[in-house]
Chemist: 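Please read through the structure below; I'll follow up with questions.
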Number of protein chains: 2
Amino acid sequence: MARKTGSHSEITGPRIRGAALRLFARHGFAAVSMRQIAAEVGVQAGALYLYTPDKETLLFDLLKAHMDELIAAWEAEPKGDGPLARLEGFVRFHIRFNLERPDAVFLSYMELRNLGPDNFAAIEALRRDYETRLETILRDGQAAGLLAAPDTKIASLAIIAMLTGVNTWYREGGRLSRQRVGDIYWDMVRKAVAA
Amino acid sequence: MARKTGSHSEITGPRIRGAALRLFARHGFAAVSMRQIAAEVGVQAGALYLYTPDKETLLFDLLKAHMDELIAAWEAEPKGDGPLARLEGFVRFHIRFNLERPDAVFLSYMELRNLGPDNFAAIEALRRDYETRLETILRDGQAAGLLAAPDTKIASLAIIAMLTGVNTWYREGGRLSRQRVGDIYWDMVRKAVAA
DNA sequence: GATTGTATTGAACGCGCGTTCAGATAATCT
DNA sequence: AGATTATCTGAACGCGCGTTCAATACAATC
(Lines give C-alpha, C1' and ligand atoms only; values in the text may rest on other atoms or scores of the structure.)
Protein backbone atom coordinates (compact mmCIF):
# COMPACT_ATOMS: atom_id res chain seq x y z
CA MET A 1 0.00 0.00 0.00
CA ALA A 2 1.58 3.23 -1.06
CA ARG A 3 1.09 5.59 -3.92
CA LYS A 4 -2.52 6.03 -5.04
CA THR A 5 -3.58 5.71 -8.68
CA GLY A 6 -3.90 9.07 -10.38
CA SER A 7 -2.07 10.92 -7.65
CA HIS A 8 -0.31 14.14 -8.56
CA SER A 9 1.44 16.88 -6.72
CA GLU A 10 -0.52 19.53 -8.60
CA ILE A 11 -3.76 17.98 -7.45
CA THR A 12 -3.02 17.01 -3.86
CA GLY A 13 -1.30 20.29 -2.98
CA PRO A 14 -4.25 22.56 -3.72
CA ARG A 15 -6.66 20.09 -2.18
CA ILE A 16 -4.70 20.14 1.06
CA ARG A 17 -4.70 23.93 1.13
CA GLY A 18 -8.41 24.00 0.35
CA ALA A 19 -9.27 21.56 3.10
CA ALA A 20 -7.02 23.33 5.59
CA LEU A 21 -8.57 26.69 4.76
CA ARG A 22 -12.10 25.43 5.22
CA LEU A 23 -11.37 23.54 8.43
CA PHE A 24 -9.24 26.26 10.02
CA ALA A 25 -11.93 28.84 9.31
CA ARG A 26 -14.69 26.61 10.62
CA HIS A 27 -13.11 25.28 13.80
CA GLY A 28 -9.99 27.33 14.42
CA PHE A 29 -6.36 26.55 13.74
CA ALA A 30 -5.60 24.86 17.04
CA ALA A 31 -8.78 22.79 17.00
CA VAL A 32 -8.00 21.17 13.65
CA SER A 33 -5.57 18.25 13.47
CA MET A 34 -3.33 17.30 10.61
CA ARG A 35 -5.17 13.97 10.56
CA GLN A 36 -8.49 15.74 9.97
CA ILE A 37 -7.07 17.69 7.06
CA ALA A 38 -5.57 14.53 5.61
CA ALA A 39 -8.86 12.65 5.97
CA GLU A 40 -10.68 15.43 4.10
CA VAL A 41 -8.23 15.04 1.23
CA GLY A 42 -8.32 11.25 1.36
CA VAL A 43 -4.72 10.74 2.34
CA GLN A 44 -2.73 9.75 5.41
CA ALA A 45 -1.39 12.43 7.75
CA GLY A 46 2.22 11.76 6.82
CA ALA A 47 1.57 12.72 3.21
CA LEU A 48 0.84 16.32 4.20
CA TYR A 49 4.51 16.78 5.00
CA LEU A 50 5.38 16.51 1.33
CA TYR A 51 3.54 19.82 0.92
CA THR A 52 4.32 21.75 4.05
CA PRO A 53 7.19 21.60 6.54
CA ASP A 54 4.79 21.96 9.47
CA LYS A 55 1.31 23.03 10.51
CA GLU A 56 2.11 26.68 11.18
CA THR A 57 3.65 27.13 7.75
CA LEU A 58 0.51 25.68 6.22
CA LEU A 59 -1.48 28.43 7.95
CA PHE A 60 1.03 31.10 7.01
CA ASP A 61 0.94 30.10 3.33
CA LEU A 62 -2.84 30.43 3.32
CA LEU A 63 -2.74 33.88 4.89
CA LYS A 64 0.11 35.06 2.70
CA ALA A 65 -1.60 33.85 -0.47
CA HIS A 66 -4.80 35.61 0.56
CA MET A 67 -3.10 38.92 1.19
CA ASP A 68 -1.11 38.71 -2.03
CA GLU A 69 -4.27 37.99 -3.99
CA LEU A 70 -6.07 40.84 -2.28
CA ILE A 71 -3.43 43.39 -3.16
CA ALA A 72 -2.95 42.04 -6.69
CA ALA A 73 -6.70 42.11 -7.31
CA TRP A 74 -6.93 45.69 -6.14
CA GLU A 75 -4.01 46.64 -8.36
CA ALA A 76 -5.76 45.02 -11.32
CA GLU A 77 -9.01 46.85 -10.58
CA PRO A 78 -9.86 49.66 -13.02
CA LYS A 79 -9.17 52.93 -11.24
CA GLY A 80 -11.90 55.52 -11.15
CA ASP A 81 -11.39 59.11 -12.19
CA GLY A 82 -10.66 61.26 -9.16
CA PRO A 83 -10.67 60.50 -5.44
CA LEU A 84 -14.44 60.09 -5.13
CA ALA A 85 -14.70 57.53 -7.92
CA ARG A 86 -11.65 55.77 -6.52
CA LEU A 87 -13.18 55.62 -3.10
CA GLU A 88 -16.37 54.17 -4.53
CA GLY A 89 -14.29 51.63 -6.39
CA PHE A 90 -12.52 50.65 -3.21
CA VAL A 91 -15.74 50.18 -1.25
CA ARG A 92 -17.34 48.01 -3.89
CA PHE A 93 -14.15 46.07 -4.54
CA HIS A 94 -13.51 45.29 -0.88
CA ILE A 95 -17.03 44.00 -0.30
CA ARG A 96 -17.05 41.95 -3.49
CA PHE A 97 -13.60 40.45 -2.97
CA ASN A 98 -14.24 39.53 0.66
CA LEU A 99 -17.64 38.00 0.01
CA GLU A 100 -16.03 35.64 -2.45
CA ARG A 101 -13.51 34.35 0.13
CA PRO A 102 -15.23 34.30 3.51
CA ASP A 103 -12.99 31.56 4.92
CA ALA A 104 -9.74 33.30 4.02
CA VAL A 105 -11.01 36.63 5.35
CA PHE A 106 -12.06 35.07 8.63
CA LEU A 107 -8.72 33.31 8.98
CA SER A 108 -6.81 36.50 8.27
CA TYR A 109 -8.55 38.29 11.08
CA MET A 110 -8.67 35.50 13.62
CA GLU A 111 -5.61 33.32 13.42
CA LEU A 112 -2.74 35.76 13.21
CA ARG A 113 -1.96 34.94 16.83
CA ASN A 114 -0.96 31.41 15.85
CA LEU A 115 1.96 32.68 13.81
CA GLY A 116 5.49 33.11 15.05
CA PRO A 117 6.89 36.67 15.19
CA ASP A 118 8.41 36.67 11.71
CA ASN A 119 5.40 35.23 9.95
CA PHE A 120 3.15 37.56 11.92
CA ALA A 121 5.16 40.59 10.88
CA ALA A 122 5.03 39.55 7.22
CA ILE A 123 1.23 39.38 7.18
CA GLU A 124 0.89 42.57 9.18
CA ALA A 125 3.04 44.40 6.66
CA LEU A 126 0.81 43.29 3.82
CA ARG A 127 -2.25 44.41 5.70
CA ARG A 128 -0.77 47.81 6.37
CA ASP A 129 0.13 48.04 2.70
CA TYR A 130 -3.50 47.48 1.75
CA GLU A 131 -4.76 49.94 4.34
CA THR A 132 -2.37 52.58 3.08
CA ARG A 133 -3.90 52.38 -0.38
CA LEU A 134 -7.24 53.44 1.05
CA GLU A 135 -5.63 56.12 3.16
CA THR A 136 -3.93 57.56 0.09
CA ILE A 137 -7.29 57.93 -1.61
CA LEU A 138 -8.67 59.73 1.43
CA ARG A 139 -5.68 62.05 1.63
CA ASP A 140 -5.87 62.88 -2.06
CA GLY A 141 -9.56 63.61 -1.69
CA GLN A 142 -8.86 65.78 1.31
CA ALA A 143 -6.16 67.71 -0.54
CA ALA A 144 -8.55 68.29 -3.44
CA GLY A 145 -11.21 69.54 -1.04
CA LEU A 146 -13.57 66.73 -2.03
CA LEU A 147 -13.40 64.81 1.22
CA ALA A 148 -13.10 65.72 4.89
CA ALA A 149 -12.06 63.06 7.34
CA PRO A 150 -11.00 64.16 10.82
CA ASP A 151 -8.08 61.70 10.62
CA THR A 152 -7.36 59.86 7.38
CA LYS A 153 -5.49 57.00 9.06
CA ILE A 154 -8.32 56.29 11.49
CA ALA A 155 -10.92 56.84 8.79
CA SER A 156 -9.33 54.21 6.58
CA LEU A 157 -9.27 51.69 9.43
CA ALA A 158 -12.86 52.51 10.30
CA ILE A 159 -14.03 52.09 6.72
CA ILE A 160 -12.23 48.77 6.30
CA ALA A 161 -13.65 47.44 9.57
CA MET A 162 -17.12 48.48 8.51
CA LEU A 163 -16.81 46.88 5.08
CA THR A 164 -15.24 43.68 6.35
CA GLY A 165 -18.14 43.38 8.77
CA VAL A 166 -20.39 42.50 5.84
CA ASN A 167 -18.94 39.00 5.93
CA THR A 168 -20.40 38.38 9.38
CA TRP A 169 -24.02 38.76 8.33
CA TYR A 170 -24.31 38.46 4.53
CA ARG A 171 -26.01 35.28 3.32
CA GLU A 172 -26.37 34.31 -0.32
CA GLY A 173 -29.99 34.51 -1.40
CA GLY A 174 -30.90 36.71 1.58
CA ARG A 175 -32.84 39.95 1.70
CA LEU A 176 -30.21 42.01 -0.10
CA SER A 177 -28.29 41.45 -3.32
CA ARG A 178 -24.58 42.06 -3.44
CA GLN A 179 -25.21 45.07 -5.65
CA ARG A 180 -27.61 46.55 -3.10
CA VAL A 181 -25.16 45.90 -0.27
CA GLY A 182 -22.52 47.77 -2.22
CA ASP A 183 -24.92 50.65 -2.76
CA ILE A 184 -25.82 50.87 0.93
CA TYR A 185 -22.24 50.85 2.14
CA TRP A 186 -21.07 53.29 -0.50
CA ASP A 187 -23.82 55.68 0.59
CA MET A 188 -22.66 55.52 4.20
CA VAL A 189 -18.95 55.76 3.42
CA ARG A 190 -19.44 58.65 1.02
CA LYS A 191 -21.37 60.64 3.57
CA ALA A 192 -19.03 59.71 6.45
CA VAL A 193 -16.04 61.35 4.75
CA ALA A 194 -17.88 63.98 2.73
CA ALA A 195 -16.45 67.48 2.75
CA MET B 1 -0.63 17.67 50.51
CA ALA B 2 -4.01 19.08 49.76
CA ARG B 3 -5.71 22.33 50.61
CA LYS B 4 -3.51 25.41 50.38
CA THR B 5 -3.34 27.92 53.23
CA GLY B 6 -5.58 30.91 52.70
CA SER B 7 -7.59 29.31 49.92
CA HIS B 8 -11.15 30.44 49.36
CA SER B 9 -13.87 29.79 46.88
CA GLU B 10 -14.57 33.51 46.52
CA ILE B 11 -10.96 34.12 45.56
CA THR B 12 -10.16 31.14 43.36
CA GLY B 13 -13.33 31.36 41.27
CA PRO B 14 -12.75 34.86 39.92
CA ARG B 15 -9.06 34.19 39.49
CA ILE B 16 -9.83 31.18 37.31
CA ARG B 17 -12.21 33.20 35.16
CA GLY B 18 -9.67 36.00 34.88
CA ALA B 19 -6.87 33.69 33.85
CA ALA B 20 -9.09 31.83 31.38
CA LEU B 21 -10.25 35.10 29.82
CA ARG B 22 -6.73 36.36 29.36
CA LEU B 23 -5.35 33.09 28.02
CA PHE B 24 -8.29 32.35 25.71
CA ALA B 25 -8.06 35.82 24.23
CA ARG B 26 -4.32 35.61 23.79
CA HIS B 27 -3.93 32.13 22.36
CA GLY B 28 -7.42 30.94 21.44
CA PHE B 29 -9.78 28.62 23.25
CA ALA B 30 -8.53 25.37 21.71
CA ALA B 31 -4.88 26.27 22.18
CA VAL B 32 -5.18 26.78 25.95
CA SER B 33 -5.19 23.77 28.26
CA MET B 34 -6.90 23.45 31.60
CA ARG B 35 -3.46 22.82 33.07
CA GLN B 36 -2.23 26.21 31.77
CA ILE B 37 -5.18 27.99 33.32
CA ALA B 38 -4.62 26.16 36.59
CA ALA B 39 -0.92 27.01 36.59
CA GLU B 40 -1.73 30.69 36.11
CA VAL B 41 -3.96 30.56 39.18
CA GLY B 42 -1.51 28.45 41.16
CA VAL B 43 -3.62 25.31 41.59
CA GLN B 44 -3.75 21.85 40.06
CA ALA B 45 -5.92 21.19 37.01
CA GLY B 46 -8.39 19.08 38.96
CA ALA B 47 -9.31 22.03 41.17
CA LEU B 48 -10.82 23.88 38.20
CA TYR B 49 -13.67 21.39 38.16
CA LEU B 50 -14.98 22.75 41.43
CA TYR B 51 -15.78 25.93 39.50
CA THR B 52 -16.88 24.72 36.08
CA PRO B 53 -18.34 21.45 34.84
CA ASP B 54 -16.12 21.52 31.77
CA LYS B 55 -13.98 23.70 29.54
CA GLU B 56 -16.72 24.80 27.15
CA THR B 57 -18.93 25.98 30.00
CA LEU B 58 -16.03 28.04 31.30
CA LEU B 59 -15.88 29.81 27.92
CA PHE B 60 -19.64 30.21 27.77
CA ASP B 61 -19.78 31.76 31.23
CA LEU B 62 -17.17 34.33 30.19
CA LEU B 63 -19.06 35.26 27.04
CA LYS B 64 -22.41 35.33 28.78
CA ALA B 65 -21.10 37.52 31.59
CA HIS B 66 -19.59 39.92 29.06
CA MET B 67 -22.81 40.28 27.07
CA ASP B 68 -24.88 40.72 30.22
CA GLU B 69 -22.51 43.40 31.46
CA LEU B 70 -22.58 45.14 28.09
CA ILE B 71 -26.35 45.34 27.99
CA ALA B 72 -26.66 46.28 31.66
CA ALA B 73 -24.07 49.03 31.26
CA TRP B 74 -25.88 50.47 28.27
CA GLU B 75 -29.15 50.36 30.19
CA ALA B 76 -27.50 52.25 33.04
CA GLU B 77 -26.07 54.87 30.68
CA PRO B 78 -27.76 58.28 30.90
CA LYS B 79 -29.92 58.65 27.81
CA GLY B 80 -29.48 61.72 25.66
CA ASP B 81 -32.35 63.94 24.60
CA GLY B 82 -33.54 62.94 21.16
CA PRO B 83 -32.18 60.45 18.60
CA LEU B 84 -29.08 62.42 17.74
CA ALA B 85 -27.91 62.75 21.32
CA ARG B 86 -28.77 59.10 21.89
CA LEU B 87 -26.74 58.06 18.89
CA GLU B 88 -23.79 60.09 20.11
CA GLY B 89 -24.18 58.45 23.51
CA PHE B 90 -24.16 55.01 21.91
CA VAL B 91 -21.02 55.69 19.87
CA ARG B 92 -19.06 57.00 22.82
CA PHE B 93 -20.37 54.30 25.15
CA HIS B 94 -19.52 51.44 22.81
CA ILE B 95 -15.96 52.61 22.26
CA ARG B 96 -15.38 53.29 25.94
CA PHE B 97 -16.89 50.02 27.15
CA ASN B 98 -15.01 47.89 24.64
CA LEU B 99 -11.66 49.57 25.22
CA GLU B 100 -11.97 48.66 28.88
CA ARG B 101 -12.43 44.93 28.10
CA PRO B 102 -10.35 44.09 25.05
CA ASP B 103 -9.98 40.41 25.96
CA ALA B 104 -13.69 39.82 26.45
CA VAL B 105 -14.54 41.68 23.25
CA PHE B 106 -12.04 39.67 21.27
CA LEU B 107 -13.34 36.42 22.72
CA SER B 108 -16.93 37.34 21.96
CA TYR B 109 -16.13 37.83 18.32
CA MET B 110 -13.71 34.97 17.80
CA GLU B 111 -14.64 31.99 19.90
CA LEU B 112 -18.36 31.61 19.35
CA ARG B 113 -17.60 28.67 17.09
CA ASN B 114 -16.34 26.68 20.08
CA LEU B 115 -19.78 26.69 21.68
CA GLY B 116 -22.39 23.99 21.25
CA PRO B 117 -25.63 24.97 19.47
CA ASP B 118 -27.57 25.96 22.59
CA ASN B 119 -24.82 28.05 24.10
CA PHE B 120 -24.15 29.62 20.72
CA ALA B 121 -27.79 30.58 20.31
CA ALA B 122 -27.88 32.14 23.77
CA ILE B 123 -24.95 34.46 23.03
CA GLU B 124 -26.24 35.29 19.58
CA ALA B 125 -29.58 36.33 21.05
CA LEU B 126 -27.85 38.73 23.44
CA ARG B 127 -25.85 40.19 20.61
CA ARG B 128 -28.95 40.74 18.52
CA ASP B 129 -30.58 42.36 21.51
CA TYR B 130 -27.75 44.87 21.75
CA GLU B 131 -27.77 45.54 18.02
CA THR B 132 -31.49 46.17 18.11
CA ARG B 133 -31.03 48.95 20.62
CA LEU B 134 -28.88 50.84 18.15
CA GLU B 135 -31.27 50.11 15.32
CA THR B 136 -34.13 51.54 17.35
CA ILE B 137 -32.25 54.79 17.75
CA LEU B 138 -31.66 54.95 14.01
CA ARG B 139 -35.31 54.22 13.23
CA ASP B 140 -36.51 56.84 15.66
CA GLY B 141 -34.14 59.35 14.13
CA GLN B 142 -35.34 58.42 10.69
CA ALA B 143 -38.99 58.80 11.70
CA ALA B 144 -38.21 62.23 13.15
CA GLY B 145 -36.47 63.25 9.92
CA LEU B 146 -33.18 63.76 11.73
CA LEU B 147 -31.36 60.79 10.26
CA ALA B 148 -31.33 59.04 6.92
CA ALA B 149 -29.87 55.55 6.67
CA PRO B 150 -30.58 53.55 3.52
CA ASP B 151 -31.25 50.49 5.72
CA THR B 152 -31.37 50.86 9.47
CA LYS B 153 -30.58 47.20 10.16
CA ILE B 154 -27.48 47.25 7.97
CA ALA B 155 -26.51 50.66 9.24
CA SER B 156 -26.54 49.48 12.82
CA LEU B 157 -24.36 46.48 11.97
CA ALA B 158 -22.00 48.69 9.99
CA ILE B 159 -21.68 51.19 12.82
CA ILE B 160 -21.04 48.50 15.42
CA ALA B 161 -18.40 46.83 13.22
CA MET B 162 -16.71 50.17 12.71
CA LEU B 163 -16.71 51.03 16.41
CA THR B 164 -15.58 47.61 17.55
CA GLY B 165 -12.69 47.89 15.12
CA VAL B 166 -11.14 50.48 17.43
CA ASN B 167 -9.99 47.62 19.65
CA THR B 168 -7.73 46.26 16.92
CA TRP B 169 -5.52 49.33 16.73
CA TYR B 170 -5.96 51.45 19.85
CA ARG B 171 -2.98 51.48 22.21
CA GLU B 172 -2.91 53.20 25.57
CA GLY B 173 -0.60 56.19 25.51
CA GLY B 174 -0.63 56.30 21.72
CA ARG B 175 -1.19 59.19 19.34
CA LEU B 176 -4.85 59.67 20.23
CA SER B 177 -6.65 59.97 23.55
CA ARG B 178 -9.84 58.05 24.14
CA GLN B 179 -11.75 61.30 24.08
CA ARG B 180 -10.31 62.19 20.69
CA VAL B 181 -11.08 58.71 19.33
CA GLY B 182 -14.68 59.16 20.45
CA ASP B 183 -14.80 62.55 18.73
CA ILE B 184 -13.44 61.18 15.46
CA TYR B 185 -15.81 58.24 15.31
CA TRP B 186 -18.81 60.31 16.33
CA ASP B 187 -18.02 62.72 13.51
CA MET B 188 -17.97 59.88 10.96
CA VAL B 189 -21.05 58.13 12.30
CA ARG B 190 -23.04 61.34 12.50
CA LYS B 191 -22.27 62.21 8.90
CA ALA B 192 -22.80 58.63 7.65
CA VAL B 193 -26.42 58.58 8.78
CA ALA B 194 -27.16 62.30 8.53
CA ALA B 195 -30.42 63.30 6.88
C1' DG C 1 -9.75 21.38 71.07
C1' DA C 2 -12.56 18.18 68.63
C1' DT C 3 -15.58 17.84 64.73
C1' DT C 4 -17.41 18.86 60.40
C1' DG C 5 -17.32 20.50 55.80
C1' DT C 6 -14.83 22.83 52.07
C1' DA C 7 -10.96 23.32 49.00
C1' DT C 8 -7.34 21.09 46.96
C1' DT C 9 -3.85 17.60 45.57
C1' DG C 10 -1.76 14.14 42.78
C1' DA C 11 -2.16 10.26 40.28
C1' DA C 12 -4.47 8.01 36.87
C1' DC C 13 -7.71 7.06 32.62
C1' DG C 14 -7.76 6.55 27.52
C1' DC C 15 -6.98 9.25 23.68
C1' DG C 16 -5.34 12.10 19.99
C1' DC C 17 -1.71 15.23 18.90
C1' DG C 18 2.44 16.85 15.37
C1' DT C 19 5.96 14.79 13.24
C1' DT C 20 9.29 11.21 11.28
C1' DC C 21 10.61 7.50 8.33
C1' DA C 22 11.44 3.03 6.15
C1' DG C 23 9.04 0.60 2.81
C1' DA C 24 5.81 0.11 -1.09
C1' DT C 25 3.65 1.40 -5.34
C1' DA C 26 2.43 4.28 -9.42
C1' DA C 27 4.01 7.40 -12.91
C1' DT C 28 7.62 8.78 -15.81
C1' DC C 29 11.86 8.56 -18.31
C1' DT C 30 15.40 6.23 -21.11
C1' DA D 1 11.06 -3.20 -20.66
C1' DG D 2 13.76 -1.71 -17.08
C1' DA D 3 15.37 1.87 -14.09
C1' DT D 4 14.33 5.94 -11.71
C1' DT D 5 11.68 9.21 -9.38
C1' DA D 6 7.58 11.05 -7.22
C1' DT D 7 3.98 10.06 -4.19
C1' DC D 8 1.91 7.86 -0.36
C1' DT D 9 1.24 4.34 3.52
C1' DG D 10 1.28 2.68 8.12
C1' DA D 11 3.41 2.32 12.18
C1' DA D 12 5.76 4.46 15.63
C1' DC D 13 7.80 8.37 18.81
C1' DG D 14 6.97 10.96 23.11
C1' DC D 15 3.85 14.10 24.84
C1' DG D 16 0.00 16.66 26.56
C1' DC D 17 -4.92 16.67 26.48
C1' DG D 18 -9.83 16.92 29.38
C1' DT D 19 -11.63 14.78 33.04
C1' DT D 20 -12.31 11.83 37.36
C1' DC D 21 -11.60 10.62 42.08
C1' DA D 22 -9.83 8.91 46.50
C1' DA D 23 -7.01 10.91 49.85
C1' DT D 24 -5.82 14.92 52.53
C1' DA D 25 -5.12 19.40 54.67
C1' DC D 26 -6.98 23.47 56.09
C1' DA D 27 -11.03 26.66 57.82
C1' DA D 28 -15.09 27.19 60.31
C1' DT D 29 -18.04 25.93 63.88
C1' DC D 30 -19.21 24.30 68.28
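Letters A, B, ... mirror the listed sequences (proteins, then strands); counts begin at 1.
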Chemist: Quick check on DNA chain C: between A/Ala31 and A/Gly46, whose nearest nucleotide comes earlier from the 5' end?
Modeler: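 Going by which nucleotide is closer to the 5' end, it is A/Ala31.
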Chemist: Strictly below 4.0 Å, N to O, side chains only: are A/Arg113 and B/Glu111 in salt-bridge contact?
Modeler: yes
Chemist: Taking all non-hydrogen atoms of both residues, which atom of B/Pro102 and which atom of B/Asn167 are closest, and how far apart?
Modeler: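 Taking B/Pro102 first and B/Asn167 second, the nearest heavy atoms are CA-ND2, 3.5 Å.
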Chemist: Of the candidate nucleotides C/dT8, D/dG10, C/dT20, which contains the atom at the shortest distance from the side chain of B/Leu50?
Modeler: C/dT8
Chemist: Starting at NZ of A/Lys55 and ending at P of C/dC17, how long is that distance when rounded to a whole Å?
Modeler: 9 Å
Chemist: So if I take every side-chain heavy atom of A/Ala47 and compare against D/dT19, C/dT8, D/dC8, which nucleotide ends up nearest?
Modeler: D/dC8
Chemist: Is the distance from OP1 or OP2 of C/dT8 to the nearest side-chain N or O of B/Tyr51 less than 4.0 Å?
Modeler: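 Yes, B/Tyr51 has a side-chain N/O under 4.0 Å of OP1/OP2 on C/dT8.
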Chemist: For C/dT8, does OP1 or OP2 lie under 4.0 Å from any side-chain N or O of B/Thr12?
Modeler: yes
Chemist: Identify whether any heavy atom of A/Val41 sits under 4.0 Å from a base atom; if not, whether one sits that close to sugar-phosphate; answer base, sugar-phosphate or nothing.
Modeler: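 Nothing, no nucleic acid heavy atom in range.
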Chemist: May I ask you to decide if A/Val32's main-chain N or O and A/Lys55's side chain share a donor-acceptor pair within less than 3.5 Å?
Modeler: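 Looks like yes, one N/O pair under 3.5 Å.
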Chemist: Tell me whether the OP1 or OP2 atom of C/dG16 has a side-chain N or O from A/Ser33 closer than 4.0 Å.
Modeler: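 Answer no for this pair, as no side-chain N or O of A/Ser33 is under 4.0 Å from OP1 or OP2.
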Chemist: Look at A/Arg133 together with A/Glu77 and state whether they make a salt bridge at an N to O cut-off of under 4.0 Å.
Modeler: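 A/Glu77 and A/Arg133: not salt-bridged.
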Chemist: B/Arg35 has a side chain; which of C/dT19, D/dC17, D/dT9 sits nearest to it?
Modeler: D/dC17
